[in-house]
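Here the structure is a predicted model, which means the values were calculated and not measured. Scope of the values below: all heavy atoms of this structure, side chains included, with no hydrogens, waters or symmetry mates.
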Number of protein chains: 2
Amino acid sequence: MASTTRRPSTAAAGRRAAAEARTLDVVERLLAEGASFTELSVERIAAEAGLSRSTFYLYFRDKTELILRLAASLKSGIFQVGVEWRADGIADGLEGLAEAYLQIIRHYRRRPATYAAVLEVAGYDRTVRDALQAGQQRFIDRIAGRLAREQRAGRTSPDFDPERAAQVMAWGGEQVIARHVIDTEDDLEEDTRIANELAAAHWHGTYRRPSST
Amino acid sequence: MASTTRRPSTAAAGRRAAAEARTLDVVERLLAEGASFTELSVERIAAEAGLSRSTFYLYFRDKTELILRLAASLKSGIFQVGVEWRADGIADGLEGLAEAYLQIIRHYRRRPATYAAVLEVAGYDRTVRDALQAGQQRFIDRIAGRLAREQRAGRTSPDFDPERAAQVMAWGGEQVIARHVIDTEDDLEEDTRIANELAAAHWHGTYRRPSST
DNA sequence: GCTGCGCTGGACATAGTGTCCAACTCTTTG
DNA sequence: CAAAGAGTTGGACACTATGTCCAGCGCAGC
């Protein structure tokens with residue numbers, strides 16, 4: 001039996017990829033329609049995506065994989081905002097910070113239900129929580145680096161630990177943005193106000209904190 | 001049949017109250033031992049509390065009632081801290097704020113697993129989420145009042161909305177404290193550092209934010 | 001010592017998860 | 001074009017939960 005096995009069909013691979021994408025879309029749609037991820041059954045998801053439940057389990061290890069993939073796609077693109085802002089010079093300062101926060105808010109605004117679902121599952125699933133935390137750590141590192149530079153340049157108080165301050169801003173800021181986006185209707189003006197408030201609080205509270213002397 | 005019914009026994013009422021308290025204690029113990037509330041079954045809880053599952057459902061409407069009662073007992077006492085701090089004059093200023101935050105952290109430190117469980121359930125149960133939110137709103141109102149006074153006295157920038165600023169601090173601050181308490185071991189020094197950092201960020205970022213003129 | 005309250009154990013209906021497999025269909029390939 | 005393997009399906013299974021219901025037991029109170 002030389003090579004009795006047949007090469008995996010590329011057409012099939014394509015169909016499968018399409019089915020997976022369709023499944024993820026379906027989940028996002030159902031979430032947007034008000035379902036909570038927890039109460040969404042695999043039965044329902046598979047049916048709406050046009051697959052049998054068995055096939056669902058061929059494509060995804062379990063329900064958690066769905067949310068992990070949604071989380072990944074939700075977060076991709078966000079980090080870019082941080083990069084742009086951090087490129088000292090272009091749009092730096094308080095205005096730049098506010099603009100960056102606004103961009104993050106607008107990013108999540110496109111898929112608030114998905115964001116809510118990811119946070120919901122993170123509450124009881126370690127895998128998801130760890131994935132989120134890893135992504136957030138990259139942010140914290142960048143902010144800490146920037147704060148250290150500000151301190152060296154004498155532009156903010158030297159009396160705090162950059163890592164801890166970055167952590168406080170990241171944790172708090174993410175929560176503020178999450179609750180705002182999830183709990184309120186889409187409204188560019190209000191988003192701008194929240195972005196400005198958060199930026200001002202962080203700017204004067206940390207990036208330009210007066211020395212205690 | 002005049003009064004065939006017997007007066008409800010006070011002894012029984014006492015036993016029942018004791019059993020309920022025991023049940024809540026058991027849940028907290030199991031949570032502290034590492035269980036997540038979601039994966040804790042009523043079967044298990046009832047058994048450990050020495051009741052039958054049927055009796056559990058006589059005492060508690062459902063699992064959610066457990067977490068609601070734990071949330072209430074966890075939150076009671078916290079508000080007091082805010083009151084003390086807000087009594088302008090005694091331990092006011094940055095040091096007072098840091099002290100208040102430290103007290104809040106130390107409060108949650110006594111029952112971190114319970115705190116984690118409450119937040120976990122809040123992620124997917126509207127009842128619990130609403131209960132938490134209601135409590136937080138009281139905080140926000142107080143802080144907003146204080147900020148408005150600071151603005152009138154010219155001690156902080158008049159260019160922000162006190163309500164929104166209070167919301168940002170409360171949402172962010174609560175998250176910072178929650179993650180710190182839940183994710184790290186009990187350590188008074190580190191707790192103090194986080195309390196100081198949070199206080200400084202809020203103080204300079206909001207309570208004493210420079211005017212943008 | 002009667003009697004009814006409080007509690008129990010166990011059964012039930014319901015609903016979900018994840019696994020497994022025989023059978024079917026569709027696609028590739030010789 | 002037809003054989004055969006790849007891909008998919010439906011349905012059954014074993015589990016684990018939740019919340020409801022009820023007959024009956026034993027102890028407390030009269």
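The CZ-P distance, from Arg44(A) to dA15(C), rounds to 14 Å in whole Å. As a whole-Å value, the separation of Glu43(A) CD from dT9(D) C1' is 13 Å. Distance, Arg16(B) CZ to dA28(D) C1': 18 Å, rounded to whole Å. Put simply, CG on Leu40(B) is 14 Å from C1' on dT18(D), counting in whole angstrom units. Per the geometry, OH belonging to Tyr57(A) stands 11 Å off P belonging to dG16(C), to the nearest Å. To the nearest angstrom, P of dG6(C) lies 9 Å from OH of Tyr59(B). Rounded to whole Å, atom P of dC22(D) lies 13 Å from atom CG of Leu58(B). As a whole-Å value, the separation of Arg61(A) CZ from dC20(C) C1' is 17 Å.
Comparing dG18(C), dT18(D), dT8(D) by their closest approach to the side chain of Ser41(B) singles out dT18(D). If you check dA17(D), dT20(D), dT17(C) against the side chain of Lys63(A), the one that comes closest is dT17(C). Closest to the side chain of Leu51(B), from the set dT8(D), dT8(C), dG19(D), is dT8(C). In this structure, of dT17(C), dT8(D), dT8(C), it is dT17(C) that holds the atom nearest to the side chain of Val42(A). Closest to the Ser54(B) side chain, of the nucleotides dT17(C), dT27(C), dC21(D), is dC21(D). When the nucleotides dG18(C), dG16(C), dT8(C) are ranked by their closest atom to the side chain of Asp62(A), dG18(C) comes out on top. Of the candidate nucleotides dT8(C), dT17(C), dT18(D), dT8(C) has the atom nearest to the side chain of Ser52(B).
No engagement by Phe60(A) is indicated, since no non-hydrogen atom pair under 4.0 Å with the nucleic acid exists. Base engagement by Thr55(A) is indicated by at least one non-hydrogen atom pair under 4.0 Å involving a base atom. Residue contacts shown for Phe56(A) are absent, as no nucleic acid heavy atom lies under 4.0 Å away.
Proximity of a side-chain donor or acceptor of Gln151(B) to a complementary backbone N or O of Phe160(B) within less than 3.5 Å is detected. Judged purely by atom type and a 3.5 angstrom limit, Arg179(B) has no side-chain atom pairing as donor or acceptor with the backbone of Trp171(A).
An OP1 or OP2 oxygen of dT8(D) is reached within less than 4.0 angstrom by a side-chain nitrogen or oxygen of Arg15(A).
Judged by distance alone, with hydrogens and angles left aside, Arg53(B) brings no side-chain donor or acceptor close enough to the base of dG9(C) to form a pair under 3.5 Å.
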TODO: List the steps, then state whether side-chain contact (heavy atoms from CB on, under 4.5 Å) holds for Lys63(B) with Phe37(B).
DONE: CA-CA 9 Å; Lys63(B) 247 176 91 181; Phe37(B) 185 74; 3.8 Å; yes

Open item on the list: Would Tyr108(B) and His180(B) count as a ring-ring contact (aromatic ring centres under 6.0 Å, His included) here? Give the steps.
Closed with: CA-CA 10 Å; Tyr108(B) 288 130; His180(B) 174 66; over 10 Å; no

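The shortest distance between side-chain heavy atoms of Asp186(A) and Arg106(A) falls below 4.5 Å.
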